[in-house]
Amino acid sequence: MGSLAHNAPIVFTFHALRFTHEVYPMKENDPLISELANIVGSEHVITDSTSLSVYECDGATVFKALPDVVVFPTTPQEISAIVKLANKHNVPFVARGAGTGLSGGMLTVNGGIIIALNRMNRILEIDIANQQAVVEPGVVNLWLTQAVQDDGYYYAPDPSSQQACSIGGNIAENSGGPHTLKYGVTSNHVLGLEVVLTDGEIVEFGGAVEETPGYDIRGVMIGSEGTFGIVTKATVRLLRKPEGYQTLLGIFETIDDASNVVSSIIAKGIIPAALEMMDHFVIKAVEEAFHWGFPLDAGAVLIVELDGIKAGMQSQAEQITEIFNENNCRETRYAKDEEDRQQIWKSRKSAFGSFGRLAPNYITQDGVVPRTQLPKVLRRIAEISEKYDIPIANVFHAGDGNIHPIVLFDERDADQCERVEAVNMEILRACAEAGGTITGEHGIGVEKMDYMPLIFNPQDLAVMATVKDIFNPSGLCNPGKIFPTAESYAKLGL
């Protein structure tokens, strides 16, 4: 088994849209398969090619790599046994949650084992008195809020895929969402973790208390993209539902006007719970798909949500309306009740599901720029779109400068694929040159590893690699992610 794929070279280009590796010829009676079946039961081991194809990609469907086997454990002890077995046979292993990631972070680029966490989907404890919950990694994000909403609480991190994404995956990528501006990302809401390390040891970092002495290893684990170990349990913070909400929707002639509003609101000392923007491409797709009543000729729509104590909220809403009007707002709409508010947010969170009306394929970037740089960077993205004749839609977390250019194309057209790769590079370069970074919540994975030198020098990357080697000395845990190669530097002209 030592000759399995992780020692083989990785072959990948955007044009080819697929990783290839030396496939170990596994059979039903293969010793590794039998040992995995002994751990989780034969009915929870997948080896046939048709079933494996379901696990060849995540939400970034242009990146594909077939695993050799998929297993479905239900306990930390089973995961520990699988990891020890992988080490024994020198086989790579990758944890996978709901598969909604957008950076190819769970691909088995060197072959090996996918440890699917879907069956570990229990909410183990809800402690309202201490405003905490303990969950397994396969719990769907929205399930936790639904479980505590009758008690007046909710779980704050709310990625757009929250109806499907799992909390384990959110922890791996340090996911955010529309309400990141006020409430922060996943790391701000996770108190403790139970983790199976890369040698199979089960450990705990952090815990049920707000602060613990010593190094914040919990924080190091969050956002490590599954390269340091596998989270098997998380203690998370629950928040009390706000007393009230005020949700506004502004319709603008241009994306420049809407972008200028964002900085002006923050400059006034108003910190909304959310500040979200959709451009004309997205408005058109969402309106044609769901008929929300958005004007098809608008340049941009801005969603601003205030929450908290009702007293004074109307005054803030009026100030925001004034800022809208100062920036050529065509129309301002207020959510008249909770149902109307939910409809507005459903329109925003349904955006990605509507892009099939625009193109057969898309890839989503998630660079971050200072808020004041939004107009400049969005204009640059428009120039890149025109330069390469590739449509780009924009729907993003404007409040914290986390842009989401949606690059639209047809993967059946090889020339388009080559242009898309150039588009992605230029977008992320523009973000870096504006004083920003190349990802806000999707992670690096395989998608952005080539672009890491845009924001980190070789010394920075060497330090990161040293930390990774401490947690993952064998390199078997989710290999082939995050770190650039010599080809990456050549691609960037560095």
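Predicted model only: the values in this text are computed from it and were never measured.
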Tell me whether Ser354 contacts the main-chain N or O of Ala351 through its side chain, where contact means a donor paired with an acceptor under 3.5 Å. yes
Could you check if a side-chain atom of Leu144 sits within less than 4.5 angstrom of a side-chain atom of Tyr153, using non-hydrogen atoms only? no
Close side-chain approach of Val261 to Val304, heavy-atom, < 4.5 Å: no
Checking side-chain polar atoms at under 3.5 Å, does Asn170 have a donor or acceptor matched by the opposite partner on Asn141? yes
Show me the pairs that pass salt bridge (Lys or Arg N to Asp or Glu O under 4.0 Å) and involve residues 268-284, at least two apart or across chains. Glu276-Arg348, Lys284-Glu288
From CD (Glu331) to CG (Asn325), nearest 0.5 Å: 11.5 Å
Can you list the steps and then say if Asp366 with Lys448 is a salt bridge (charged side-chain N to carboxylate O under 4.0 Å, His left out)? CA-CA 10 Å; Asp366 73 316; Lys448 299 186 183 74; 2.9 Å; yes
Pairs meeting criterion salt bridge (Lys or Arg N to Asp or Glu O under 4.0 Å) with involvement of residues 306-319, two or more places apart: Lys182-Asp307
With a 3.5 Å distance limit and no angle check, can you tell me whether Ser385 reaches the backbone of Ile381 through a side-chain donor-acceptor pair? no
So, does Thr145 use its side chain to make a donor-acceptor pair with the main chain of Tyr155 at under 3.5 Å? yes
Crowded around Glu338 CD? As in, over 12 foreign heavy atoms under 6.0 Å? yes
Count the heavy atoms of every other residue, nucleotide or ligand shown that sit under 6.0 Å from CG of Leu296, and state whether that count exceeds 12. yes
Under 3.5 Å donor-acceptor, Arg218 side chain and Ser187 backbone: yes
For Val185 and His189, work out which heavy atoms get closest and say how close. O-CD2, 3.2 Å
Basic-acidic side-chain contact under 4.0 Å: Glu136, Arg122: yes
Quick one: CE on Met449 to CG on Leu461, what's the gap to the nearest 0.5 Å? 11.0 Å
Euclidean distance, Asn118 CG relative to Phe72 CZ, rounded to 0.5 Å: 6.0 Å
Is it the case that atom CD in Glu386 sees more than 12 heavy atoms from other parts of the structure closer than 6.0 Å? no
Please report the C-alpha distance between Asp400 and Arg371 in whole Å, then the side-chain angles of each, then the deciding distance to 0.1 Å, and finally whether the salt bridge (charged side-chain N to carboxylate O under 4.0 Å, His left out) criterion is met. CA-CA 7 Å; Asp400 58 338; Arg371 282 185 293 267; over 6 Å; no
Out of curiosity, Met221 CE to Phe228 CZ, how far, rounded to the nearest 0.5 Å? 7.5 Å
Walk me through whether Asn424 and Ile363 qualify under side chain to side chain contact (heavy atoms under 4.5 Å, CB included). CA-CA 9 Å; Asn424 290 334; Ile363 189 165; 3.9 Å; yes
Could you go through the side-chain hydrogen bond (donor to acceptor under 3.5 Å, both in side chains) check for Thr439 and Tyr451 one step at a time? CA-CA 10 Å; Thr439 180; Tyr451 309 126; over 6 Å; no
When you check the side-chain N and O atoms of Glu305 and Thr247, is any donor under 3.5 Å from an acceptor? yes
Shortest non-hydrogen contact from Phe205 toward Val203: CZ-CG2, 3.5 Å
Could Glu426 and Arg429 be called an ion pair, given the rule that one side-chain N must be under 4.0 Å from one carboxylate O? no
Between His404 and His442, ring centroids under 6.0 Å: yes
Nearest non-hydrogen partners of Pro375 and Asn260, listed with the distance: CG-OD1, 3.4 Å
Would you compute the distance between atom NZ of Lys468 and atom SG of Cys477 and round it to the nearest 0.5 angstrom? 8.5 Å
Search all heavy atoms of Ala335 against all heavy atoms of Ile344 and return the closest pair with its distance. CB-CD1, 3.9 Å
Given Thr227 and Asn478, is the side-chain hydrogen bond (donor to acceptor under 3.5 Å, both in side chains) satisfied, shown in steps? CA-CA 5 Å; Thr227 62; Asn478 202 14; over 6 Å; no
Might you work through the side chain to side chain contact (heavy atoms under 4.5 Å, CB included) test for Val420 and Ile390, ending with a clear yes or no? CA-CA 7 Å; Val420 165; Ile390 294 290; 4.1 Å; yes
Check the pair Lys233 / Glu204 against salt bridge (charged side-chain N to carboxylate O under 4.0 Å, His left out), numbers first and verdict last. CA-CA 9 Å; Lys233 190 185 299 180; Glu204 292 186 2; 5.5 Å; no
Polar side-chain atom of Glu225 near backbone of Ile444 as donor-acceptor pair, under 3.5 Å: yes
Is the gap between the ring centers of Phe281 and Phe355 under 6.0 Å? no
Donor on one side chain, acceptor on other, Asn174 and Glu441, under 3.5 Å: no
Quick check: closest heavy atoms across Ala273 and Tyr183, and the distance to 0.1 Å? CB-CE1, 4.1 Å
Taking all non-hydrogen atoms of both residues into account, name the closest pair between Val109 and Gly480 and its distance. CG2-CA, 3.9 Å
Glu287 side chain to Phe294 backbone, donor-acceptor under 3.5 Å: yes
With no hydrogens and no angle check, do the side chains of Gln246 and Gln316 hold a donor and an acceptor under 3.5 Å apart? no
Does Tyr388 have Arg419 sitting over its ring (NZ/CZ under 6.0 Å from centre, angle to axis within 45°)? no
Please step through side-chain hydrogen bond (donor to acceptor under 3.5 Å, both in side chains) for the pair Glu194 and Thr232, ending with a clear verdict. CA-CA 6 Å; Glu194 179 185 81; Thr232 53; 2.7 Å; yes
Can you confirm whether Ile392 sits close enough to Ile427 that some side-chain heavy atom of one is under 4.5 Å from a side-chain heavy atom of the other? yes
So, Tyr334 versus Thr321: side-chain donor-acceptor pair below 3.5 Å or not? yes
Straight-line distance of Ile270 CD1 to Leu275 CG, nearest 0.5 Å: 10.0 Å
Could you go through Asn361 and Asp410, starting from their C-alpha distance and side-chain angles, then the distance that decides it, and tell me whether this counts as side chain to side chain contact (heavy atoms under 4.5 Å, CB included)? CA-CA 5 Å; Asn361 303 94; Asp410 186 341; 4.0 Å; yes
I'd like to know if Arg380 pairs up with Glu433 as an ion pair, taking the criterion as any Lys NZ or Arg NE/NH1/NH2 lying under 4.0 Å from an Asp or Glu carboxylate oxygen. no
Show your working on side chain to side chain contact (heavy atoms under 4.5 Å, CB included) between Leu238 and Gln132 and close with a plain yes or no. CA-CA 5 Å; Leu238 301 175; Gln132 297 175 6; 5.7 Å; no
Step by step, would you call Gln343 with Glu339 a side-chain hydrogen bond (donor to acceptor under 3.5 Å, both in side chains)? CA-CA 6 Å; Gln343 287 297 310; Glu339 181 180 358; 5.4 Å; no
Please determine whether a side-chain nitrogen of the Lys or Arg among Asp257 and Arg330 lies less than 4.0 Å from a carboxylate oxygen of the Asp or Glu. no
Can you tell me if Gln365 and Glu447 form a side-chain donor-acceptor pair at under 3.5 Å? yes
